[in-house]
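Just below is one structure, and these are the notes that go with it.
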Amino acid sequence: MPTYTVRTANLSLDDDQRQRIASAITETHSGSTGAPGYFAQIFFDAAPEAAHFVGGRPNPIPHVYVHGLIRAGRTADQKRSLLEGIRDRVHDIAGVGAEDIWVYVQEIAAEQMIEFGRILPEPGREAEWREGFSPEKIEDFRRAGVAI
């Protein structure tokens, strides 16, 4: 499951912006990698005031940092599409200049990750892996409005 942390500095996102950014990251990840949308999880946090420094100096300019941990095995083109897509969509939603949005992705081998209680599948094998969900977990997704 890709896990993204969206951290803001000198900027407050409202509930609507967080929802739209979470949807945008989910859609961009799924569209760029082919992974199902239910794999994506997004966390938000904000740096405390005066806690962001650039070049060793306090930075008062609004910034958004998106750090994603993704499964290894994507092509350079897929990763470029992912990075640029996240940057562009966050720019539109947060209203921060493109130069003030920093996006990073780090790859982790699927066999080094457990999610939903099981080792993750290699990219492209999600449908087979999904069959291992318990009826209770499928009901949890349904109640949350998450399509699996």
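For this chain, numbers begin at 1 and follow the sequence in order.
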Open item on the list: When you measure from the side chain of Arg87 to the backbone of Ile101, do you find a donor-acceptor pair of N or O atoms at a distance under 3.5 Å?
Closed with: no
- [ ] Each residue besides Ile114 in its hydrophobic cluster should be listed here, by chain and number; the cluster joins Ile, Leu, Val, Met, Phe, Trp and Tyr at side-chain heavy-atom distances under 4.5 Å.
- [x] Ile119
TODO: Would you name the heavy atoms of Ile70 and Pro2 that are closest together and state the gap between them?
DONE: CG2-CB, 4.1 Å
Open item on the list: Please determine whether residues Val96 and Trp102 belong to a single hydrophobic cluster, defined as Ile, Leu, Val, Met, Phe, Trp and Tyr linked transitively by side-chain heavy-atom distances below 4.5 Å.
Closed with: no
Task: Closest heavy-atom pair and its distance - Leu13, Gln17 - done: CA-OE1, 3.3 Å
- [ ] Could you tell me whether Asp92 and Arg89 have a side-chain N and a carboxylate O separated by less than 4.0 Å?
- [x] no
Open item on the list: How close do Val6 and Val66 get, counting heavy atoms only, and between which atoms?
Closed with: CG2-CG2, 4.3 Å
Open item on the list: Donor-acceptor check, side chain of Glu128 to backbone of Arg125, threshold 3.5 angstrom: yes or no?
Closed with: no
Enumerate donor-acceptor pairs with a distance under 3.5 Å from any side-chain N or O in residues 28-36 to protein atoms, sequence neighbours excluded.
residue: Thr28; atom: OG1; partner: Ala24; partner atom: O; Å: 2.7
residue: His29; atom: ND1; partner: Tyr4; partner atom: OH; Å: 2.7
residue: His29; atom: NE2; partner: Thr33; partner atom: OG1; Å: 3.4
residue: Ser30; atom: OG; partner: Ala35; partner atom: O; Å: 2.7
residue: Ser32; atom: OG; partner: Thr28; partner atom: O; Å: 2.9
residue: Ser32; atom: OG; partner: Ser81; partner atom: OG; Å: 3.1
residue: Ser32; atom: OG; partner: Leu82; partner atom: N; Å: 3.4
residue: Thr33; atom: OG1; partner: His29; partner atom: O; Å: 2.7
residue: Thr33; atom: OG1; partner: Ala35; partner atom: N; Å: 3.1

Task: Parallel, tilted or perpendicular: rings of His63 and Tyr65 (30°, 60°) - done: parallel
- [ ] Side-chain contact test, heavy atoms from C-beta onward, threshold under 4.5 Å: evaluate it for Leu83 versus Arg80 and give yes or no.
- [x] no
- [ ] Enumerate the residue pairs fulfilling salt bridge (Lys or Arg N to Asp or Glu O under 4.0 Å) with a member in residues 100-122, sequence neighbours excluded, ordered by first and then second residue.
- [x] Lys79-Glu107
